[in-house]
Amino acid sequence: MRRLLDLIDHQEFQGAHFRSLTEGIATTGPMGKAMLTVKSAFARLERDQLAERTKTGMPAMGGRPAVMPEALGRGRCGVIGV
């Protein structure tokens with residue numbers, strides 16, 4: 001998160017601005033910069049929560065992810081706890 005914001009700050013210092021075509025965010029104004037910061041914070045929160053849930057679930061699975069046998073028959077690996 002911090003590296004993305006630092007990269008965008010560096011580019012703006014050199015005269016370039018960030019514009020996301022899919023989210024409609026542009027850093028040309030304060031609102032765009034604020035929205036990018038908020039989105040980055042929520043992305044970090046989700047990543048941290050996923051890591052926490054994984055660490056919590058691993059001991060319950062014997063320290064490794066569990067594979068659902070019914071998923072293997074369909075040609076896909078259904079992994080739980082990753």
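What's counted below: heavy atoms across the whole structure, side chains too, no hydrogens, waters or symmetry copies. This one's a predicted model, so the numbers in the text were calculated from it and none came from an experiment.
The closest side-chain heavy-atom distance from L45 to Q49 is below 4.5 Å.
Not counting sequence neighbours, the partners of E46 by the salt bridge (Lys or Arg N to Asp or Glu O under 4.0 Å) test are R53. Judged as a side chain to side chain contact (heavy atoms under 4.5 Å, CB included), and not counting sequence neighbours, the contacts of E12 are I8, D9, H17, T27, K33.
In the hydrophobic clustering of ILVMFWY residues, with side-chain heavy atoms under 4.5 Å counting as a link, L7 and M35 come out apart.
Here the NE2 atom belonging to H10 is positioned 4.0 Å from the CD atom belonging to Q14, to the nearest 0.5 angstrom.
The two atoms that bring L4 and S40 nearest to each other are CD2-OG, 4.0 Å, heavy atoms only.
Sequence neighbours left out, not one pair with a member in residues 13-31 passes salt bridge (Lys or Arg N to Asp or Glu O under 4.0 Å).
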